[in-house]
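This report refers to the structure that appears directly beneath it.
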Amino acid sequence: MDPSSIKQNGSKILLKASSLQNYDAGVVYRHMAEKWRFKLGVQSRYHLNKYSYTYNRKKLDRQTTDFLKNDVMTSISYQLAPHTVIIGDLWWQNSDRIIPESITSGGIIQTQKDINTRTRIGAKHYGNKHIWETSFAYANEKLHFMTPGVDSKANTDIFIINTGWTEIHKESHYFGLQHRSETASPNFYTETKYRNTTQLSGAKNFNWEPDFMTHISFRQDLTDGKLMPLSWTLLNKYRKLTVIFSSNYNLPGLNDLYWPVGGNPYLKTEKALKGEIQFSPQFKQWRGRIAVYANMVRDWIQWVPHSNGNWAATNQKKVLSRGVELQAHYHYPINTTAIDFHIEYAFNRTTALEHYYDPSLIGKQLIYIPRHKASLSTDYSRHHWRFHLAYDFTDIRFDAADESSFLKAYHLVSAYVAREIGATTIRLDVNNLLNQDYSIVRFFPNPGIHAELSAIIRFY
Amino acid sequence: MNKYLLILLAAFSLFFHSCTEDSNTDKTSLNSGTLIVNEGQFGTGTGTISYFDGKTLIEDIYADNNVGLVLGNIAQSVIKFDNKFFIAVNNAAKVVVVNAADFKHLGEIEVKLPRYFAVANNKLYLTSWSEDFTSGFVNLIDTKDLKIVKSVPVQGLVEKMVAQSNQLYITVSASAFDQYKNDVVVFDTDKNEVTGSIKVGDNSNDITTDSNGDIWVICSGFYDFSNPANNTAGSLHRIRGNSSDFSIELPNGSSKLVSGQNKASLYYLSDGAVRKFNIADLATDPLFKIEGFFYSLGYDETSDLIYVGDAKDFQQKGTVSTYKANNTQSAVNTLTTGIAPSFFYFIK
């Protein structure tokens, strides 16, 4: 056994408990031998999310989530020949939860159960100047959503065969071919639905000069015999300046098309064209990033409340999302002490340029997208201690398409303190220190001040 | 000097306090006018009640007169009885009761999925649905103690009611597999029990009466979301005695039915327009048409105005327009209301 790999072998235990009565426990075991790599993770969580809120002048308890979730994840690889590795992984998840209704509702219970399995086997061959990777994956998704009026069960099988070739040169390039076959047979479709997609993709880097490079990539999908729009990215980077143009599309999912109430079989494919300029300056201990972007989306797929009060999938004819993002980070180390500051600000305007049926909504900010977001945080580390303090600001968000009503802006302050004791890390988080009464979605209140205690215990 | 300053400050604070407590209803009598029930955003919102006195609109009369109180999710319908307004709030599982004079909150009655009210035999009745959306109830309300005194189960999703001779005639929202799939349920208010049903078209939607004392029912037909080929036709039926003696076929999805002036005509929504049916001719007026995909319909006898509600995209505030029966091309008023205006109540 390679002595350097000994430290890599062992296990890690994660424990977490929150004042919201949320509990997590997990273990990760990792073993690396000469030709073998093995990893196994098991995690279980039970989240009640128990807290109170004020409604109609009364303090009430929020409907709990009773969220039980178990995850098992394992991955294994074996070096078959000096340049060939075979890999396999498996992920299994089982969850069961109550989905709380809005506080203006009468307490109807909605539950959702999910069982997801994903497995993959494959091989990687390393040549002198290339990597060739082939894999076969199978996924099964079982969903059971239940309300007093709805009992929806869905079973979806997905098969993916993938092969990719990467040339590793000064100017590397990649070509890949993938076939994906999806079979969905929920109890609410009149018949089993199929979707077959064959995908050809490629990428190439051109290193013109040491500080000037170009990256191009493309993806062409053939779905159920129909050629989809070409997706592509063109990136140019010169020193600290990056300019990106990209085009992408989003084919409506099977639920968008066929969900029993609200699915829309006439949905059009969403297409987006994006341009972004990034500048990443650095000065002494300061690092920054300024990004300006514009994203034009045709036929944005959105679920909105629709006829007879049901939610329905619809296309927003033409939407422009544009904005500015500013980030700055300051790092100041002194021996065993370090101070960090992070500042972030984002401005976003996402508005309809064209509307299928209501021209009065042109120019209005789309619902639940804030125009301004900002955050400040600082970290202080000394010996085995670490302190963190963060402030987040989210501006008002309209919840009516005509901007006639909005949710108030909110300010969140959170902090944690962590201590390393040998191979163990203990951390105490306190969130929403100002005890803000806020909602991300109207009438779905978020918890006030709450704490979380966690520990990571390593056995290496 | 300080004493005068204190008196001045006290006067100011009293003035502003009285302004805060002041409400729109102090300036408005609620003995007439129109209440517009706005459902609110489905799932995540609260219903609101708008009030229109013929000239001005109070957009949210409940919030204006009950600061800090929220009506609840999906306001459904309203009725005035015993000097109180009773507001059915469907998804919030309650009936909110307010004083008819000033719209001040008086109390609440817990009831799962309340729908529509009717007064019969000088008693207030309410339809409601079971939590599994498979059956319903006809509930008798004690309007003094604000409680349900009797709940009579019905094997169907009971909806709108009209009263005649101590009987309630009740529409039933149905699919092709339900027991009362093309029926109007008859309920005896003396015995408080279901006494029978009358066959009409598929999926009865709304009900009203005419000047002859006959009952009219509009049926929407069945709608199959996954296969529109299974849709069935809508229809309009006259109930005379205890059976439907006249009917005409209407497009699938026809809905809402109100009596017009002197109850000599009917208005209903069908095929993207408000239509008019003349009772004397037993025919739809081919010249009458208010075009639009409306969400609600009402007729105010006092002002002789037809009310239509446009829910738009159910995310933004809706609009209500009023039309004269003899001029369907231009609206008399267009009002911006709450989200999804779905029900009109004309106060008498």
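Chain naming here is simple, since letters A, B, ... match the order of the sequence lines and numbering starts at 1 in each. Since the structure is predicted, the reported quantities are computational estimates derived from the model, not experimental observations.
In this structure the side chain of Asp402(A) never reaches within 4.5 angstrom of the side chain of Gln315(B), judged on heavy atoms. Asp313(B) places a side-chain heavy atom less than 4.5 Å from the side chain of Tyr357(A). Looking only at side-chain heavy atoms (C-beta outward), Val70(B) and Thr104(A) come within less than 4.5 Å of each other.
For the residue pair Gln316(B) / Asp358(A), a side-chain donor-acceptor distance below 3.5 Å is found, with atom types taken as modelled.
Neither the backbone nor the side chain of Ile103(A) comes within contact range of chain B; no heavy atoms are under 4.5 Å apart. When heavy atoms are compared at a cutoff of 4.5 Å, Asn66(B) approaches chain A solely by way of its backbone atoms N, CA, C and O. For Phe398(A), no part lies near chain B; criterion is any non-hydrogen pair under 4.5 Å. For a residue to count as touching a neighbouring chain, one of its non-hydrogen atoms must lie under 4.5 Å from one of that chain's; by this rule Lys317(B) touches chain A with backbone and side chain alike.
Within a 6.0 Å radius of CD in Gln179(B), more than 12 heavy atoms belonging to other residues, nucleotides or ligands are found. Other residues, nucleotides and ligands place no more than 12 heavy atoms under 6.0 Å from the NZ atom of Lys113(A).
Ile339(B) CD1 to Asp399(A) CG: the interatomic distance, rounded to the nearest 0.5 Å, is 6.5 Å.
Checked by atom type and distance alone, the side chain of Gln41(B) never pairs as donor or acceptor with a backbone atom of Arg442(A) at under 3.5 Å.
Here the closest non-hydrogen pair linking Ala93(B) and Gly106(A) is CB-CA, 4.0 Å.
Ser105(A) pairs in a side chain to side chain contact (heavy atoms under 4.5 Å, CB included) with only one of the listed residues (Thr46(B), Asn90(B), Asn91(B)), which is Asn91(B).
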